[in-house]
Amino acid sequence: MLYRTPASSFVQRLHGNGRQCVAVRSYADRKTLRIPIRALQHFLYCPHRWGILYREGLWEDNFLTVIADLAHERVHSGDKLVQSKNKISISNVSLYSRKWDIYGKADCIELIPDSRGVNVAPYPGTYSLTVVEYKPTAPKEEILSPDRLQLFAQSCCVEEIFGVRPSACFYYANTRKRVKVDFDGEDERLLEQTLIQMNHWLQSDSSPLPVCEPKCNGCSMRDKCLPKQIKRTVRSAVLEDDL
């Protein structure tokens, strides 16, 4: 089953610290910093929270973050390599992209024997690839944009490293269900604009202002953030260079 977050659902604009970011034609035209893939997810979820985490170095756990950490710990602490007749599963795989200046880890990459696939040393034969991102919860009706962007960034790295576009899916631990994700040009545009915005804030002396949304109620950083009661959303602001 394929879930897609409609762009039309993100119609409000986000302003940050009274500034307007200058539109940039291409990410390649920017002086950029290397950015962790995980930080992309944090930024698109909430730029102000990202600022608290990555600029101020603060962190607080709550029930939801602990559950997520335990789910990923189970993935990364087990066998790094699992082989069967149908596939080879490699967990905790380091990734990078010179094109995007991003790096990080994939929870799991699966190698499926495929005569039209690519060679993956040191395994004999050729394979098609699938990037798998583990989530501790059950799937929602729509995949959240920050999660989708994180998986897309991982897929971009895999494509650059192995020279083949991988499949991608989320695995939801609560239901043991997979959800396949198909990417398009809108995902690439969102990645580009998110990186532009992140580089802007990393090279500035300030951080994005807080955004008050229903998700704040479950945020582990709520007590350190205390956002003003201003209804603003994030995704379209990133796309419109309006943080």
Side-chain angles (χ1 to χ4, degrees), residues 1-14 21 23-30 32 35-47 50 93 95-112 114 116-118 127-135 137 139-172 177-199 215 233-243:
M1 183 178 297
L2 172 64
Y3 294 88
R4 173 77 182 182
T5 301
S8 59
S9 66
F10 301 93
V11 295
Q12 293 177 304
R13 306 184 74 186
L14 176 67
C21 293
V24 178
R25 289 183 178 274
S26 171
Y27 184 64
D29 295 335
R30 294 276 299 195
T32 61
I35 289 177
I37 293 173
R38 182 64 174 167
L40 287 165
Q41 195 261 1
H42 283 149
F43 185 87
L44 195 57
Y45 179 79
C46 174
W50 165 84
V93 182
L95 300 173
Y96 67 89
S97 169
R98 291 190 176 92
K99 174 183 176 181
W100 297 107
D101 279 331
I102 56 177
Y103 66 95
K105 289 183 179 291
D107 285 338
C108 180
I109 294 180
E110 296 177 342
L111 315 181
I112 298 94
D114 186 343
R116 297 173 297 176
V118 294
Y127 302 88
S128 58
L129 310 178
T130 299
V131 182
V132 184
E133 172 68 19
Y134 285 76
K135 296 297 178 185
T137 57
K140 299 177 175 61
E141 290 186 4
E142 295 178 348
I143 292 175
L144 298 177
S145 289
D147 293 339
R148 183 183 177 95
L149 181 65
Q150 180 185 14
L151 185 58
F152 177 67
Q154 293 172 357
S155 299
C156 288
C157 292
V158 170
E159 182 174 4
E160 184 172 323
I161 292 169
F162 294 99
V164 63
R165 180 168 297 182
S167 299
C169 70
F170 290 102
Y171 176 81
Y172 294 91
K177 180 180 180 180
R178 287 182 175 227
V179 175
K180 185 178 183 295
V181 182
D182 293 324
F183 299 116
D184 55 31
E186 185 177 352
D187 295 291
E188 182 169 345
R189 179 170 173 253
L190 180 60
L191 174 60
E192 179 176 6
Q193 293 300 318
T194 302
L195 287 168
I196 288 171
Q197 296 289 341
M198 293 176 74
N199 272 277
K215 64 188 177 188
T233 57
V234 175
R235 184 177 185 273
S236 58
V238 169
L239 288 173
E240 296 169 10
D241 278 326
D242 196 23
L243 278 172

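These numbers come from a predicted model, not from an experiment.
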Atom of [X], atom of [Y] and distance for their closest heavy-atom approach:
| X | Y | answer |
| --- | --- | --- |
| Arg178 | Tyr171 | CG-CD1, 3.9 Å |
| Val132 | Asp107 | O-CB, 3.4 Å |
| Ser155 | Ala168 | OG-CB, 3.6 Å |
| Gln150 | Ile37 | O-CG2, 3.8 Å |
| Thr130 | Cys169 | CG2-SG, 4.2 Å |
| Leu95 | Lys105 | CD1-C, 4.3 Å |

Task: Intermediate values then yes/no, side-chain contact (heavy atoms from CB on, under 4.5 Å), Thr194 and Gln197 - done: CA-CA 5 Å; Thr194 302; Gln197 296 289 341; 5.8 Å; no

So how far is it from [X] [atom1] to [Y] [atom2], rounded to the nearest 0.5 Å?
| X | Y | atom1 | atom2 | result |
| --- | --- | --- | --- | --- |
| Ile143 | Lys135 | CD1 | NZ | 10.0 Å |
| Tyr172 | Lys140 | OH | NZ | 7.0 Å |
| Ile161 | Ile109 | CD1 | CD1 | 7.0 Å |
| Leu149 | Gln41 | CG | CD | 8.5 Å |
| Leu40 | Asp147 | CG | CG | 12.0 Å |
| Glu192 | Lys99 | CD | NZ | 8.5 Å |

Is there a side-chain contact between [X] and [Y], using heavy atoms and a 4.5 Å cut-off?
| X | Y | value |
| --- | --- | --- |
| Pro36 | Tyr103 | yes |
| Tyr134 | Cys108 | yes |
| Leu191 | Glu188 | no |

TODO: Go through the steps to decide whether Leu195 and Asp101 satisfy the test side-chain contact (heavy atoms from CB on, under 4.5 Å), and finish with yes or no.
DONE: CA-CA 9 Å; Leu195 287 168; Asp101 279 331; over 6 Å; no

TODO: Give the C-alpha distance, both sets of side-chain angles, the deciding distance and a yes or no for side-chain contact (heavy atoms from CB on, under 4.5 Å) between Leu151 and Phe183.
DONE: CA-CA 10 Å; Leu151 185 58; Phe183 299 116; 3.9 Å; yes

- request: Given side-chain contact (heavy atoms from CB on, under 4.5 Å), test Glu110 with Tyr127 step by step and report yes or no.
  value: CA-CA 9 Å; Glu110 296 177 342; Tyr127 302 88; over 6 Å; no

Between Asp187 and Asp184 (side chain of the first, backbone of the second, donor and acceptor by atom type, cut-off under 3.5 Å), is there such a pair? yes

